[in-house]
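Comments concern the structure below.
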Amino acid sequence: MGLGYVGLPLAVAFAEEGHDVVGVDIDARKIEALSRGDSYIEDIPSERLRAASERIEATTRAANLSRCDAVLVCVPTPLTANREPDLGPLVNATRVLADLLQRGQLVVLESTTYPGTTRERMAPILEESGLVAGQDFHLAYSPERVDPGRTDYTLRNTPKVLAGLTEACGDQAEALYREVCDEIVRVSSPEVAELTKLLENIFRSVNIAMVNEIAMLTDRMDIDIWEVVDAAATKPYGFMRFEPGPGMGGHCLPVDPFYLSWRAREFDLTTEFIELAGKVNQQMPYHCVSKVERVLNAAGKPVHGSRVVIFGVSYKPGVGDLRGSPALKIVTLLGALGADLAYHDPHVPALDDGGLRSLSFDDALESCDLALIVTAHPGVDHDAIAERAPLVVDLRGVTRGARRTVLL
Ligand SMILES: NC(=O)c1ccc[n+]([C@@H]2O[C@H](COP(=O)([O-])OP(=O)(O)OC[C@H]3O[C@@H](n4cnc5c(N)ncnc54)[C@H](O)[C@@H]3O)[C@@H](O)[C@H]2O)c1
């Protein structure tokens, strides 16, 4: 259930192992694309999808799940406007599932969520079917760890953490995932598995915030943060490299930690690291825009009317995912200051909100007063940007050493 960044790769992986897969999504456009053999997830090239498509039945009809041995729930877990967990999609999917649940079926939640969701939210809804979790059907939690765009660690060779509601539930889930994962890490309860995923994401969020805060300081101190990070990373132990940047994007890091901070309030605890990391990372686009203002000012130009071209608008290199991308905030802020904005991103043909379309690399460079490197996609010639643009602000440190470049 849910054929997005998480669900589609899982569907393809099981099909490739020879299993018949029913893929259900409420988004009819996705189902149409899949029926044509067109993938909308960059990690799954359409050729790979087509090679497996004989075994994948993509449908909007959840009823078809009733003949499955296992159902993996991969629906979104976003935040509400008040930054509280929005379990709406998960609750809806679970209700649908309760209506068609079969004795002996295995249900696994893959979506990222707070500890207690599988046991306290999913199980009671599924039990409205009259079947009892752990007795009549199996229920487990196994967080997805996919890192879109990554090729060295895949579903196959990334250890898969999982826990069943009961030992037997865990055994069933383990047997299932052994088909597509080399290493299974069993933990003692769904709550441990749920919190494991959140800890991983909070760890990244906090460390990114820390290096970003230091980057704001090194900017004032006129010290090159990249040189500092490079030097610190030579320590063979006790240091892990995190890079500064324009802020945090994607579906996970800006969202998931707040699932835990919300849950923590029920236990009279404020998770200060999570809040602080969110705050610092949210500041970064403002810092980046002020840097653009200063660089233009030093060249005798106001932001208003200056042609600022952004290179890379998706939230990370190599993918076209715009969700939570700090580039969107930067576009809004520079737009409000009257900048004449354009962008180049080989992965993002158009920005819906701003009405902008990606320019060709040459067109983008030709007209620009300032090139702003927000996301450094592989295959984009950043050296050429550094050479040809009159002014360059590089938020990713990819043009270090170039003459006119100003780093984050
Ligand atoms: N994207 C990632 O890199 C990543 C990594 C690890 C974990 N996760 C987690 O996995 C979950 C899914 O994330 P995603 O990135 O795949 O989201 P996504 O938005 O790409 O895909 C979710 C899909 O679920 C569908 N859907 C919603 N309600 C449904 C329902 N009732 N029945 C069937 N389909 C339904 C949506 O139409 C959508 O296609 C989230 O909890 C996310 O936090 C994501």
Side-chain angles (χ1 to χ4, degrees), residues 1-13 21-34 39-44 57-65 68 71-79 85-100 107-115 117-118 121-122 125-126 141-150 153-155 158-162 181 193-205 248-260 314-325:
M1 290 187 96
L3 292 170
Y5 285 88
V6 169
L8 185 61
L10 277 170
V12 170
V21 178
V22 175
V24 175
D25 203 293
I26 51 171
D27 184 345
R29 285 167 312 171
K30 285 193 173 135
I31 299 304
E32 279 160 26
L34 295 175
S39 172
Y40 42 83
I41 302 283
E42 277 150 319
D43 286 350
I44 305 289
E57 174 192 335
T59 177
T60 53
R61 280 175 48 83
N64 296 12
L65 294 171
C68 296
V71 180
L72 311 184
V73 179
C74 312
V75 298
T77 43
L79 293 174
D86 175 4
L87 288 188
L90 178 56
V91 167
N92 288 342
T94 309
R95 286 211 177 105
V96 169
L97 204 47
D99 283 341
L100 49 87
V107 177
V108 187
L109 177 60
E110 288 250 355
S111 305
T112 308
T113 186
Y114 60 79
T117 308
T118 309
R121 300 299 304 271
M122 266 192 115
I125 298 174
L126 291 173
Y141 180 79
S142 180
E144 182 51 70
R145 283 170 151 175
V146 67
D147 183 9
R150 193 166 196 128
Y153 283 102
T154 60
L155 182 62
T158 306
K160 190 97 174 99
V161 172
L162 71 81
C181 303
E194 289 160 336
L195 188 51
T196 300
K197 172 71 188 174
L198 291 180
L199 175 63
E200 291 165 12
N201 283 354
I202 292 162
F203 171 81
R204 283 187 57 72
S205 162
M248 252 175 1
H251 177 268
C252 296
L253 297 193
V255 173
D256 302 346
F258 298 100
Y259 266 67
L260 189 62
S314 64
Y315 86 91
K316 67 187 282 194
V319 301
D321 194 347
L322 280 171
R323 291 181 294 181
S325 174

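Note that ligands are numbered from 1 as they come in the structure, with each ligand's atoms numbered from 1 the same way.
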### Task
Measure the distances from the heavy atoms of Arg323 to every atom of ligand 1 and state whether one is below 4.0 angstrom.
yes
### Message
Between ligand 1 and Lys30, is the shortest N or O to N or O distance under 3.5 Å?
### Response
yes
### Query
Between Pro148 and ligand 1, which part of the residue brings a heavy atom under 4.0 Å of the ligand: side chain, backbone, both or neither?
side chain
### Query
Between Pro76 and ligand 1, does any nitrogen or oxygen pair lie at a separation below 3.5 Å?
no
### N/O donor-acceptor pair under 3.5 Å between Glu42 side chain and Gly320 backbone
yes
### Query
Would you find a donor on one side and an acceptor on the other, under 3.5 Å apart, between the side chain of Thr60 and the backbone of Ala28?
no
### Query
What atoms in ligand 1 come closer than 4.0 Å to a heavy atom of Cys252?
2 (C), 4 (C), 5 (C), 44 (C)
### Query
Quick check: are there more than 12 heavy atoms from other residues, nucleotides or ligands sitting under 6.0 Å from CZ of Arg145?
yes
### Query
Does the Glu194 side chain pair with the main chain of Thr118, one donor and one acceptor, at a distance under 3.5 Å?
yes
### Task
For His251, counting its heavy atoms only, list the atoms of ligand 1 lying under 4.0 Å from any of them.
40 (C), 42 (C), 43 (O)
### Query
Considering only protein heavy atoms, which is closest to atom 44 (C) of ligand 1, and at what distance to one decimal place?
Val6 CG2, 3.4 Å
### Query
Would you say the side-chain atoms of Ser111 pair up with the backbone N or O of Val75, donor to acceptor, closer than 3.5 Å?
yes
#### Entry: Check: Tyr5 N/O within less than 3.5 Å of ligand 1 N/O
yes
### Task
Under 4.0 Å from a heavy atom of Thr77: give me the atoms of ligand 1 that qualify, with their elements.
40 (C), 41 (O), 43 (O)
#### Entry: contact_flag Val75 ligand 1 heavy-atom lt 4.0 Å
yes
#### Entry: Pro159 backbone acceptor or donor facing Tyr153 side chain under 3.5 Å
no
### Query
Taking both backbone and side-chain atoms of Arg145, is any N or O found less than 3.5 Å from an N or O belonging to ligand 1?
no
## Note on the structure
At under 4.0 Å between heavy atoms, what of Ala62 touches ligand 1? The answer is neither
### Query
Which ligand 1 atoms, with their elements, are less than 4.0 angstrom from a heavy-atom of Ile26?
26 (N), 27 (C), 28 (N), 29 (C), 30 (C), 32 (N), 33 (C), 34 (N), 35 (C), 37 (O)
### Query
What do you reckon, does Glu144 have a nitrogen or oxygen under 3.5 Å from a nitrogen or oxygen of ligand 1?
no
### Task
Please confirm whether Asn92 comes within less than 3.5 Å of ligand 1 when only nitrogen or oxygen atoms on both sides are compared.
no
#### Entry: Interatomic distance, Leu260 atom CG to Lys197 atom NZ [nearest 0.5 angstrom]
13.5 Å
### Message
Under a 3.5 Å threshold, yes or no: a donor from one side chain and an acceptor from the other, between Ser142 and Lys160?
### Response
yes
### Task
Check whether any side-chain N or O of Thr77 sits under 3.5 Å from a backbone N or O of Thr112 as a donor-acceptor pair, and report yes or no.
yes
### Query
For Tyr5 and Asp321, what are the C-alpha separation, side-chain angles and deciding distance, and is it a side-chain contact (heavy atoms from CB on, under 4.5 Å)?
CA-CA 10 Å; Tyr5 285 88; Asp321 194 347; 3.4 Å; yes
